[in-house]
2 protein chains.
Amino acid sequence: MASPKIVRMTAPRLRDVAQLAGVHPATASRALNPQTRQQVNADTARRVLRAAESIGYQPNPIARSLKTARTGTVGLVIPDLTNPLFPPIVRGIEDVLTPAGYNAWIVNTDNDPQREEAQVEALRSRQVEGLIVATARRTHPLLARLHRQGVKMVLVNRRVDGLELPSVTADDDAGIGLAVAHLVGLGHTRIAHLAGPQHTSTGVSRARAFRHALIDHGLPDDPALTVECGYWSESEGARGLRRLLDGGRAFTAVVAGNDLIALGCYDVFAERGMTCPDDVSVVGFNEMPYLDKMRPPLTTVAIPHYEIGAEAGRLLLDTIDEPDRYPRSVLLAPSLVVRASTTPAPCDAASR
Amino acid sequence: MASPKIVRMTAPRLRDVAQLAGVHPATASRALNPQTRQQVNADTARRVLRAAESIGYQPNPIARSLKTARTGTVGLVIPDLTNPLFPPIVRGIEDVLTPAGYNAWIVNTDNDPQREEAQVEALRSRQVEGLIVATARRTHPLLARLHRQGVKMVLVNRRVDGLELPSVTADDDAGIGLAVAHLVGLGHTRIAHLAGPQHTSTGVSRARAFRHALIDHGLPDDPALTVECGYWSESEGARGLRRLLDGGRAFTAVVAGNDLIALGCYDVFAERGMTCPDDVSVVGFNEMPYLDKMRPPLTTVAIPHYEIGAEAGRLLLDTIDEPDRYPRSVLLAPSLVVRASTTPAPCDAASR
DNA sequence: TTGTAGGCGTTATCAT
DNA sequence: ATGATAACGCCTACAA
């Protein structure tokens, strides 16, 4: 005598579990939730869990979110995923968030404020619980507004002027210090800086660090030897170096704002028949992948990408858990990776 | 006489809009939804829209999803975000999905089946409406199961044996054909292949295309000149080339399964004091970024990354809209980018 | 054309 | 310890 069985083709719901275990849905809910499980008789709980298991019950996160107003998601706002700097950061973030029960939405803004606004709007409408933002500019009305509205966020790599937000950045001062010390140690005295965009905190702090480092080494700080790039990109790096070369001031080494800017220099060297490092030494920043296979392999300042992501994840979790905690920021120490793009300055130090 | 105003600190809801417009929430709902707007008096609709606008109403997608059982999200399953192949593909996907009202969740599996299963589970529990999968292996129980369960998906770059799923791939046959023809044109007759993993369809199809191309050019197909790499990675490329070199069979050129495998060869050249292309010419596949700055700049088969993503997005939308449509697959034409890693074969053709 | 009512699946708050 | 009930915000037959 086969027992009749009604087959539901949709996913099993809480009430199915409850029915099977012979309890009320509310009880099943309590039994299933580790937080509230001790409110329920151990035997009952076991029965419910077995029932859930047996029919493959998975709670519907949408219904849960509607009720609890929590989604277990955070947004990741990245300026440009094709910049190889970010994947390891993303990885670090995920490795921290996943065990805490959060998932991350990654969005790409392509350095376009309009696109950024739309993307952030999409994230908010999907009720993310917090934001990790890598697109900060020094003046950033959108982020300022979000902050005022109480959106929880953590900045990565860059900061916003006058906004007290938790952030994780590399220690630019230390990193540029390493780069300059390395070049000075090689005998360079005329060192140029291809600065990143000065509307980003990182562009500014690296430029400032560069000036300080020159002074520390007793070198003159010639403003003509610092040129700003409009973006953190190869093409802007190339433009910057052309301006530097056309400026007529002699220099034997370049500290680039980041690796992409440094790689842009390589294009100009090719254009003008110059060779690196013989004509000009170059140092990058970030230690992006594949630098060891470049022509020449690029000397650079390495930063702990993965750890930056992991720290950002931790800060965001803290911010979500304790909204009133005073914003901490984390500074991570860089290190220098010496490769073949730097070499001792020519003896005729005034050359080039 | 200021009108009293009750201030809600939470997001405005449909009922707030309705109240402000002096209509029932149901009417407001209809007015707000373009699909049902013509059911409502044009004036009323206008009033509702203005009311919504004025208080910045955004429908709560969670409540909507609970009701409609649709989420407007799809999952993107990527083996390794640090592979620069993927960002432009992701971009293409997003550019197609966004206008259609969908957002994409990106997850990273790191080539780890366990992690993949967990990530896919997370996506499904968040009720994504479809999956774009770039991690397919030729035998892939997880994907087979998902397919049986009716999960809508599109494969990118790789396929699953015996599973009729829509897919978007580069035309491997044509691409490898270009590479081999180029090398033959340069006089190479002993050409090796560093094949990608044979558990991926791409690895197999490129290896098969390689054999066919040799035959087409009347060259002997020496099995000892094909070596399989365990992953699509630099380190496996390096291992493969070492095995090839240690095998004692002469060859003057290598067709690598992809760019990363090709770059792995560069490491071995450095190790063994060989120079590329003088000792061995190398061709890659994919045209990943920065190849032009490598030492030497890598000749490679370029594929339209962005278009691959865009096509995948379109296929998925089709699959969602017309679930019963017969699975189409799209093959995109590659092109050859000649750089400095390939050069005419040495006159002494039997050398090396 | 508009309003009514019920429900999507879960959980929080009562009461028992 | 468990059950009943309502509510999260929205949508949609159905009724008016």
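Keep in mind that what you see is a predicted model, and the values were worked out from it rather than measured. Each chain gets a letter, A, B and so on, in the order its sequence line appears, and its residues count up from 1.
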Below 4.0 Å: OP1/OP2 of dT11(C) and any side-chain N or O of S29(A):
yes

Which part of the nucleic acid does P25(B) contact within heavy-atom distance under 4.0 Å: base, sugar-phosphate only, or nothing?
nothing

In this structure, how many angstroms lie between the C1' atom of dT2(D) and the CZ atom of R37(A), rounded?
17 Å

Nearest to the A26(A) side chain among dC10(D), dT5(D), dC8(D), which nucleotide is it?
dT5(D)

Less than 4.0 angstrom between a side-chain N/O of T44(A) and OP1 or OP2 of dT2(D), yes or no?
yes

Check whether any side-chain nitrogen or oxygen of T68(B) sits under 4.0 Å from OP1 or OP2 of dC11(D), and answer yes or no.
no

Tightest non-hydrogen contact, residues P25(B) and L14(B), listed as O-CD2, 3.6 Å

Rounded to whole Å, the CZ-P distance (R64(B) to dC8(D)) equals 18 Å

Candidate pair H140(B) and E116(B), rule side-chain hydrogen bond (donor to acceptor under 3.5 Å, both in side chains), full reasoning:
CA-CA 11 Å; H140(B) 208 134; E116(B) 175 179 50; 3.0 Å; yes

If we only count heavy atoms from C-beta on, is the L76(A) to F86(A) side-chain gap below 4.5 Å?
no

Between L66(B) and V23(B), whichever has its closest DNA chain C nucleotide further toward 5' is V23(B)

Remember a base hit wins even if backbone is also touched, and classify L14(A) as base, sugar-phosphate or nothing at under 4.0 Å, heavy atoms.
base

With respect to the side chain of R13(A), which nucleotide from dT2(C), dG9(C), dA1(D) is positioned closest?
dG9(C)

Tell me whether the OP1 or OP2 atom of dG9(D) has a side-chain N or O from Y57(B) closer than 4.0 Å.
no

5' precedence on DNA chain C between K67(B) and A42(B) (nearest-nucleotide basis)
A42(B)

Can you tell me if H24(A) touches the phosphate of dT2(D), counting only side-chain N or O atoms and a distance under 4.0 Å to OP1 or OP2?
no

Looking just at side-chain N and O atoms, do R124(A) and Q149(A) make a donor-acceptor pair shorter than 3.5 Å?
yes

What's the shortest heavy-atom distance between L332(A) and E311(A), and which atoms?
CD1-CG, 4.4 Å

Hey, which of these two, R30(B) or N60(B), hits DNA chain D nearer its 5' end, going by closest nucleotide?
N60(B)

